[in-house]
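Please read the structure below before turning to the comments.
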Amino acid sequence: MAVDLKQLAATLGLSQTTVSRALNGYSEVSAKTRERVERAAQELGYAPNPTARRLATGRADAVGIVYPVEADLMGNPRFLDMIAGVADRLESAGFDVLLAVARERSEQRTYERLVRGRRVDGLIVAHTRVHDERIEYLRRSGVPFVAYGRTGGNNDFAWFDFDNEAESRLAVAELARRGHRRIAYVHAPLALNFAQQRHHGFVQAMLEARLTIAAEYIVVGGLERVGAYAAARSLLEAPVRPTAIIVDNGVAGVGVVRALLQAGVRIGVDVSVVVIEGIPADSLVADAEIASIEQPTAHESGATMGEMLLALIEGGPLAQPQVLRQARFVATASVGPAPHA
């Protein structure tokens with residue numbers, strides 16, 4: 001049966017204050033006493049009272065992630081894998097991950113309640129925007145946070161991101177190398193910074209390759225399957241079909257591929273397809289084996305952000321406050337030579 005702090009102190013013949021300070025690593029407690037207390041705590045199965053610990057440390061022992069309902073991030077396996085990576089890293093340090101659900105119109109107030117109520121010790125901000133009021137508020141508040149992505153402004157805060165422009169460039173370069181000239185682009189809302197960066201990379205790569213950017217080939221597919229399905233149908237109904245399609249996120253990629261398959265399009269022959277992030281492995285169209293711009297795993301990304309946030313909570317400076325990861329092109333039969341017009 002586990003003992004509490006009072007019983008552990010009585011067994012050791014020490015005050016509860018001394019035992020508490022020894023367990024929490026205070027420097028004024030000698031190394032010999034600290035070792036004795038830690039050994040006894042392990043042998044006796046000492047279980048700290050979480051409420052008392054939070055009162056003593058002034059911490060919530062939790063970090064927060066706000067989930068905006070409209071973004072449908074829960075339908076994105078990569079987002080769930082990212083949360084799992086964060087949780088796995090923080091669990092070993094005794095922190096919980098709290099997921100707060102909010103409507104987009106009230107998202108800012110949710111952040112304010114979490115911070116003012118001291119419900120969390122830090123936050124991870126997902127899907128950063130080009131103009132992001134959440135980031136500005138957290139910078140003013142002084143609460144530790146790590147952004148999952150950059151913004152369009154001054155990025156002198158802790159963030160983890162991918163080289164989004166380079167990802168689009170990789171896709172365009174591969175298609176151009178295979179002779180494609182009519183390349184379509186299905187993208188998420190450009191208010192999201194990753195979408196803006198990938199769009200910019202696409203445009204620049206097309207210009208550098210001296211390829212025409214046709215307005216009817218640039219369509220919004222969103223971050224969900226239905227919108228991307230409709231976007232792909234509109235491309236198929238164009239007077240002159242594109243010979244290739246780039247999709248800027250994996251969930252939208254599912255909708256695009258489904259539309260092509262239902263229309264009887266031979267992917268890689270009639271129309272080539274590249275999906276940035278790749279098709280989610282649990283998707284019904286995963287067997288189509290679509291070429292991708294493959295990023296490091298979302299779980300690894302989450303674990304890295306968890307590590308960064310822990311350091312900030314401890315008052316750290318971060319050895320690497322901004323982390324930028326590179327992706328690579330993974331070829332499959334979904335990318336073939338441009339068909340003859």
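Here the structure is a predicted model, which is why all the values come from computation and not from measurement. Numbers here are sequence positions counted from 1.
A donor-acceptor contact shorter than 3.5 Å links the side chain of R36 to the backbone of L12. D61 contributes no side-chain N or O that, together with a main-chain N or O of F95, makes up a donor-acceptor pair within less than 3.5 Å. Between the side chain of E314 and the backbone N or O of G316, no donor-acceptor pair lies under 3.5 Å.
Counting only heavy atoms from C-beta outward, the side chains of R182 and T212 never approach each other to under 4.5 Å. The closest side-chain heavy-atom distance from E174 to V274 is not below 4.5 Å. Looking only at side-chain heavy atoms (C-beta outward), V130 and L192 stay at 4.5 Å or farther from each other. By the 4.5 Å heavy-atom criterion applied to side chains, T128 and Y148 are not counted as neighbours. Contact of the M305 side chain with the M82 side chain is registered, since non-hydrogen atoms from C-beta on lie closer than 4.5 Å. In this structure, the side chains of V97 and I124 stay at 4.5 Å or more apart for every pair of heavy atoms. Put simply, the side chain of P296 reaches to within 4.5 Å of the side chain of F162, judged on heavy atoms.
We find that R109 and E112 are not joined by a salt bridge, their nearest charged nitrogen and carboxylate oxygen being 4.0 Å or further apart. The residues E35 and R39 are annotated as salt-bridged, a charged nitrogen and a carboxylate oxygen being separated by less than 4.0 angstrom. Salt bridge absent: R103 and E107 never bring a charged side-chain N and a carboxylate O closer than 4.0 Å.
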- Task: Could you walk me through whether R78 and Q295 pass side-chain hydrogen bond (donor to acceptor under 3.5 Å, both in side chains), step by step?
- Result: CA-CA 10 Å; R78 285 190 62 84; Q295 300 172 340; 2.9 Å; yes
- Message: Is there a ring pair (Phe, Tyr, Trp, His ring centres under 6.0 Å) between H127 and F79? Walk through the geometry before answering.
- Response: CA-CA 10 Å; H127 265 337; F79 182 72; 7.2 Å; no
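Legend: side chain to side chain donor-acceptor pair (under 3.5 Å) pairs involving residues 239-259, not counting sequence neighbours, sorted by first then second residue: H180-T243.
With a 6.0 Å radius and a threshold of 12 heavy atoms from other residues, nucleotides or ligands, Q262 has its CD atom above the threshold. Surrounding CG of L284 are at most 12 heavy atoms belonging to other residues, nucleotides or ligands under 6.0 Å away. Summarising the local packing, CD of E289 is surrounded by 12 or fewer heavy atoms from other residues, nucleotides or ligands at distances under 6.0 Å. The 12-atom threshold is exceeded at CD of E237, counting heavy atoms of other residues, nucleotides or ligands nearer than 6.0 Å. Atom CD of Q326 is surrounded by more than 12 heavy atoms from other residues, nucleotides or ligands within 6.0 Å.
For the salt bridge (charged side-chain N to carboxylate O under 4.0 Å, His left out) with E167, the lone residue among R328, R198, R325 that qualifies is R198. Here the rule is side chain to side chain contact (heavy atoms under 4.5 Å, CB included) with P144, and of L310, V63, L309 only L309 fits it.
A donor atom on one side chain and an acceptor atom on the other are not found under 3.5 Å apart for T304 and S301. A donor-acceptor contact closer than 3.5 angstrom links the side chains of D88 and H299.
For F145, the ring-ring contact (aromatic ring centres under 6.0 Å, His included) criterion is met by F157, not counting sequence neighbours. In this structure, H199 has no side-chain hydrogen bond (donor to acceptor under 3.5 Å, both in side chains) partners at least two apart in sequence or on a different chain. Residues passing the side-chain hydrogen bond (donor to acceptor under 3.5 Å, both in side chains) test with T151 are N155, sequence neighbours excluded. Partners of S334 according to the side-chain hydrogen bond (donor to acceptor under 3.5 Å, both in side chains) rule, which considers only residues two or more places apart in sequence or in another chain, are T332.
Chaining together hydrophobic side chains whose heavy atoms lie under 4.5 Å apart places L235 alongside V186, Y217, V219, L236, V240, I245, V247, V254, V256, V257, L260, L261, V265, I267, V271, V273, V275, I279, V285, I290.
Ring centroid separation for the pair H187 and F202 does not come in under the 6.0 Å cut-off.
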